[in-house]
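All remarks here apply to the structure that follows.
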Amino acid sequence: MAHFSANVHEDIKKVLITEEQIRKRVEELGAQISEDYAGKELVVIFVLKGASIFFADLIRSIVVPIRIDSIAAASYGNTTKSSGTVRIEKDIETPIEGKHVLLVEDIIDTGLTLSYLKAYFERQKPASLRVITLLDKPVARKVQLVPDYNGFTVGNEFVVGYGLDYAQRFRNLPYIAIPKDYVWNDEEKE
Ligand code: IMP
């Protein structure tokens, strides 16, 4: 049996980015995107599941017309280490040829997932393709990749909340945080 508290907030050691900080930054990013794509239509594609909460907040700060879609790509199991392999588990339904595309990611770690997805979308010949990430972990990068828009830069530690999980947990936290130490051992206890 995994150890977890009845209240998910009790399993948190430290809050790194507060709800208020996220809200402000998401509004800034939405305003910037609205300015950059003024007069254009945008296809906003988010990467399941981690980017879902960021995406939901972000699009409500964008004022240019958009269409939405999602893609699911797996490169991680229930661990904190990248497996290095990327697999598309759910594809987009929108034809993106000739469209302006914005890809929404939760966090760029090694960069392997996103560089794979970027190449995958480039082959479909969009008019433009940009990447936005809520969090960037540049020190963990294995391939060169710089996001076009970045919410916050974090260090080389595993973070959860606001859509990001550890072993599928903690996505419902409204802030970005580090769990208590016993959480990392849960897999072994299960
Ligand atoms: P990358 O391919 O190594 O860049 O990994 C990207 C994916 O790994 C992200 O979309 C997340 O799902 C997951 N990931 C990487 N670092 C973290 C983290 O600190 N917390 C939660 N998920 C993470």
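Whatever order the structure lists ligands and atoms in, that order sets their numbers, starting from 1. Quick caveat: nothing in here was measured; it's all calculated off a predicted structure.
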Original post:
Under 3.5 Å between some N or O of ligand 1 and some N or O of L164?
Top reply: no
Original post:
Going by the order shown, which atoms of ligand 1 are within less than 4.0 Å of some heavy atom of E157?
Top reply: 19 (O)
**OP:** May I ask you to decide if the ring planes of Y162 and F54 are parallel, tilted or perpendicular, using 30° and 60° as cut-offs?
**Re:** tilted
Original post:
Using 4.0 Å as the upper bound for N to carboxylate O, is an ion pair formed by R25 and E28?
Top reply: yes
Original post:
At a 4.0 Å threshold, what atoms of ligand 1 neighbour a non-hydrogen atom of T113?
Top reply: 1 (P), 2 (O), 5 (O), 6 (C)
Original post:
Taking the non-hydrogen atoms of R141, is any one of them nearer than 4.0 angstrom to ligand 1?
Top reply: no
Original post:
From T133 OG1 over to L114 CG, what is the distance, rounded to the nearest 0.5 angstrom?
Top reply: 7.5 Å
**OP:** Would you mind reporting whether Y120 and I71 have side-chain heavy atoms less than 4.5 Å apart?
**Re:** yes
Original post:
For ligand 1, which atoms have a heavy atom of E105 less than 4.0 angstrom away?
Top reply: 10 (O)
**OP:** Ignoring angles and geometry beyond distance, decide whether V160 reaches within less than 3.5 Å of ligand 1 through its nitrogen or oxygen atoms.
**Re:** no
Original post:
Y175 vs H9 aromatic rings, parallel, tilted or perpendicular, using cut-offs 30° and 60°?
Top reply: tilted
**OP:** Using a strict 4.0 Å threshold on nitrogen-to-oxygen distance, state whether E41 and K99 make a salt bridge.
**Re:** no
Subject >> D165 heavy atom under 4.0 Å from ligand 1 >> reply: yes
Original post:
Is it true that a side-chain atom of S34 and a backbone atom of G30 form a donor plus acceptor pair closer than 3.5 Å?
Top reply: yes
Original post:
Taking only heavy atoms of K137, which atoms of ligand 1 are found under 4.0 Å from at least one of them?
Top reply: 16 (N), 17 (C), 18 (C), 19 (O)
Original post:
For ligand 1, does K142 get within less than 4.0 Å through its side chain, its backbone, both, or neither, judged by non-hydrogen atoms?
Top reply: neither
Original post:
Is ligand 1 less than 4.0 angstrom away from at least one heavy atom of G111?
Top reply: yes
Original post:
Going by heavy atoms, is D106 under 4.0 Å from ligand 1?
Top reply: yes
Subject >> Donor-acceptor under 3.5 Å (D11 side chain, S5 main chain) >> reply: yes
